[in-house]
2 protein chains.
Amino acid sequence: MSAFSINDLHDVFPFFTREEELRELYDSAIYKVVPSRTLLIREGQYLNSLPLVLNGSIRVFRQYEDREVLLYYVQRGETCIMSLTACFFSAPSQSQAITETETEILLVPTDKIFEWQKKFPAWNEFTLGTFKCRYEELLSAFSDVVFQDIETRLKTYLREYSLKYRTKKVPLTHELIARELGTTRVVISRLLKGMETAGKIKQRRGMIILQ
Amino acid sequence: MSAFSINDLHDVFPFFTREEELRELYDSAIYKVVPSRTLLIREGQYLNSLPLVLNGSIRVFRQYEDREVLLYYVQRGETCIMSLTACFFSAPSQSQAITETETEILLVPTDKIFEWQKKFPAWNEFTLGTFKCRYEELLSAFSDVVFQDIETRLKTYLREYSLKYRTKKVPLTHELIARELGTTRVVISRLLKGMETAGKIKQRRGMIILQ
DNA sequence: GAAGAACGGTGCCTTTTGTTACATAAAGCG
DNA sequence: CGCTTTATGTAACAAAAGGCACCGTTCTTC
């Protein structure tokens with residue numbers, strides 16, 4: 001019934017090298033295709049399984065009153081540390097997760113997490129590595145906010161988007177970028193207009209084109 | 001030669017409940033007393049052991065050009081996630097660690113880390129829990145910086161210091177607080193003077209007294 | 001193709017934060 | 001005690017960022 005094979009798994013999660021590990025992942029996880037813009041995890045929800053992403057993108061964020069903070073995106077071959085700790089410590093999720101696009105995921109039952117954590121060093125390394133990576137990202141974002149002005153952060157944001165998706169065309173609205181950077185639309189519009197006038201970018205409706 | 005017993009260990013690291021675990025920690029770790037203001041870990045250094053703190057306090061921070069960012073303090077019963085990942089992934093440390101006071105530590109050899117990660121679920125839970133905790137802290141600091149003005153952050157900072165050390169007397173200079181919050185001394189002096197005038201605090205040289 | 005929604009541009013003003021420069025005061029020390 | 005260092009106070013100004021209002025443009029949708 002699943003639209004994927006063990007070979008696919010090996011491509012997506014190369015840290016699982018042993019046949020035994022792949023087999024167990026294949027057998028115990030539930031395959032699921034989730035439509036775009038679907039709320040996967042609500043705040044306060046208890047989790048009984050951990051999502052691994054095969055394809056697509058999940059946006060994980062936290063709500064603070066009326067503002068929200070982007071934590072990270074979970075993409076192909078990745079997992080979600082907030083879910084992992086919620087599972088591991090049987091605690092309610094403090095963040096929310098929503099699919100950005102149609103997303104294929106594997107749901108691993110909580111008891112398997114405990115088991116693998118002991119049994120499969122590769123899995124252990126995967127989770128620890130994910131944590132390390134997310135921590136570094138957040139730290140980098142943190143020091144950017146502390147030490148750099150908004151224009152610099154905006155330029156960095158655009159550059160990283162461009163690198164990540166290998167395109168010079170950034171299909172985001174000013175409003176959206178403003179929310180990501182924790183500021184307001186007017187500020188972003190002003191800065192982008194300045195950059196356009198300076199010839200550093202071009203703009204279309206809903207689209208910023210880097211040089 | 002060590003100035004501590006297995007019983008001490010149990011008090012400091014209550015997550016190690018089994019005799020076997022405590023025994024192995026006791027036997028394999030090296031006990032060390034480090035004087036105040038000693039640089040324990042330099043940037044770029046490779047680690048072959050992980051510090052656990054018995055008493056005292058280690059300040060872990062990262063340098064960005066001429067600025068520095070405080071990551072966290074490692075205190076009694078805690079360990080350092082930056083060291084953990086540096087050990088685990090055999091990578092050079094990207095941060096620095098310095099003792100704040102005279103500090104008693106246990107140094108656990110890297111190979112034990114790998115072993116315990118598999119063998120002792122309690123240890124696994126400890127490391128994951130530490131990561132979760134540090135991530136939450138950083139996230140909280142991040143959203144404070146994004147959403148709150150400096151005065152609010154300063155008040156939060158003082159309140160938390162007060163809670164942490166259970167005292168109304170905060171023995172920090174304006175300069176030091178400014179560095180922690182990523183701003184300048186003048187700004188902090190201005191705000192504190194304002195708070196003093198408003199009767200919310202009192203000030204002595206090198207000391208802020210909360211009401 | 002008309003109405004409404006979403007998107008972006010901009011002027012004007014306020015608030016917040018940073019910078020520079022200098023003054024005063026307390027602590028440390030020979 | 002006088003000298004030096006460190007900590008703090010403050011004025012004056014500059015720069016960064018935010019808030020509000022209102023506009024025109026471009027999509028969507030019916």
Side-chain angles (χ1 to χ4, degrees), chain A residues 36-37 64-69 100 141-158 161 169-210, chain B residues 36-37 64-69 100 141-158 161 169-210:
Chain A
S36 180
R37 314 298 309 161
Y64 284 97
E65 282 115 56
D66 60 333
R67 317 256 210 167
E68 67 182 45
V69 179
E100 285 255 297
F142 177 78
S143 45
D144 283 357
V145 173
V146 175
F147 297 128
Q148 310 205 307
D149 61 22
I150 297 192
E151 179 155 13
T152 310
R153 288 169 55 210
L154 175 58
K155 286 176 182 168
T156 304
Y157 181 81
L158 294 175
Y161 188 101
K169 295 183 180 179
V170 182
L172 304 173
T173 66
H174 297 185
E175 177 67 40
L176 216 144
I177 297 174
R179 295 188 71 84
E180 296 282 280
L181 298 182
T183 178
T184 60
R185 200 267 309 164
V186 180
V187 172
I188 297 297
S189 292
R190 222 156 25 208
L191 291 173
L192 284 174
K193 191 63 198 174
M195 290 163 64
E196 188 175 27
T197 307
K200 297 186 177 178
I201 58 166
K202 286 181 183 167
Q203 291 194 85
R204 303 277 171 280
R205 185 188 169 86
M207 171 82 66
I208 297 156
I209 301 158
L210 309 185
Chain B
S36 179
R37 313 299 309 160
Y64 285 97
E65 282 115 58
D66 60 332
R67 317 253 212 170
E68 67 183 43
V69 179
E100 286 254 297
F142 177 78
S143 44
D144 282 358
V145 173
V146 174
F147 297 128
Q148 310 205 307
D149 60 22
I150 297 190
E151 179 156 12
T152 310
R153 288 168 54 211
L154 174 58
K155 286 177 181 167
T156 305
Y157 181 80
L158 293 176
Y161 188 100
K169 295 183 179 178
V170 182
L172 304 172
T173 66
H174 298 183
E175 178 68 41
L176 216 145
I177 296 174
R179 294 187 72 86
E180 295 282 279
L181 298 182
T183 178
T184 59
R185 201 267 311 165
V186 181
V187 172
I188 298 298
S189 291
R190 208 153 42 203
L191 292 173
L192 284 175
K193 193 62 198 170
M195 290 162 65
E196 188 175 26
T197 306
K200 297 185 177 179
I201 58 167
K202 286 180 184 167
Q203 290 194 87
R204 302 276 171 280
R205 184 187 168 89
M207 170 82 66
I208 297 156
I209 302 160
L210 309 185

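Quick caveat, the model's predicted, so the values are computed rather than measured. To find a chain, count down the sequence lines: A is the first, B the second, and so on, and within it residues start at 1.
Contact annotation for B:Leu192: no contact, since no heavy-atom pair falls under 4.0 Å across all strands.
Here the P atom of nucleotide C:dT17 and the CD atom of A:Glu151 are 20 Å apart, to the nearest Å. Between A:Phe147 atom CZ and C:dT17 atom C1' there is a gap of 15 Å when expressed in whole angstrom units. Rounded to whole Å, the distance from CD1 on B:Ile201 to P on D:dT8 is 11 Å. Taking atom CD1 of B:Ile209 as the reference point, atom P of D:dT8 lies 12 Å away to the nearest angstrom. One atom, CD1 of A:Ile188, and another, C1' of D:dG19, lie 15 Å apart when rounded to the nearest Å. Whole-Å rounding puts the B:Ile150 CD1 to D:dA17 P distance at 12 Å. Rounded to a whole Å, the CD atom of B:Glu175 is 11 Å from the C1' atom of D:dT8. Distance B:Leu191 CG to D:dG9 P: 12 Å, rounded to the nearest Å.
Taking every side-chain heavy atom of A:Thr173 into account, C:dG8 is the closest of D:dA17, C:dG8, D:dG19.
Put simply, A:His174 has no side-chain N or O that comes within less than 4.0 Å of OP1 or OP2 on C:dA6. The side chain of B:Thr183 contributes an N or O atom lying less than 4.0 Å from OP1 or OP2 of C:dG18. Here B:Gln203 reaches the OP1 or OP2 of D:dG9: one of its side-chain N or O atoms lies under 4.0 Å away.
Atom CZ of residue A:Arg190 and atom OG1 of residue A:Thr184 lie 7.5 Å apart, to the nearest 0.5 angstrom. Note: B:Leu154 CG to B:Ile188 CD1 = 5.0 Å, rounded to the nearest 0.5 Å.
Taking 3.5 Å as the limit, the base of D:dG9 and the side chain of B:Arg185 contain a donor-acceptor pair of atoms between them. A donor N or O paired with an acceptor N or O is found under 3.5 Å between the base of D:dT26 and the side-chain atoms of A:Arg205.
Side chains of A:Leu192 and A:Leu158 form a contact here, defined as non-hydrogen atoms less than 4.5 Å apart. Side-chain contact check for A:Tyr157 versus A:Leu172: some heavy-atom pair is nearer than 4.5 Å.
Heavy-atom nearest nucleotides on DNA chain C were determined for A:Arg190 and for B:Gly182, and the one closer to the 5' end corresponds to A:Arg190.
Under the side chain to side chain donor-acceptor pair (under 3.5 Å) criterion, A:Ser36 pairs with no residue, sequence neighbours left out.
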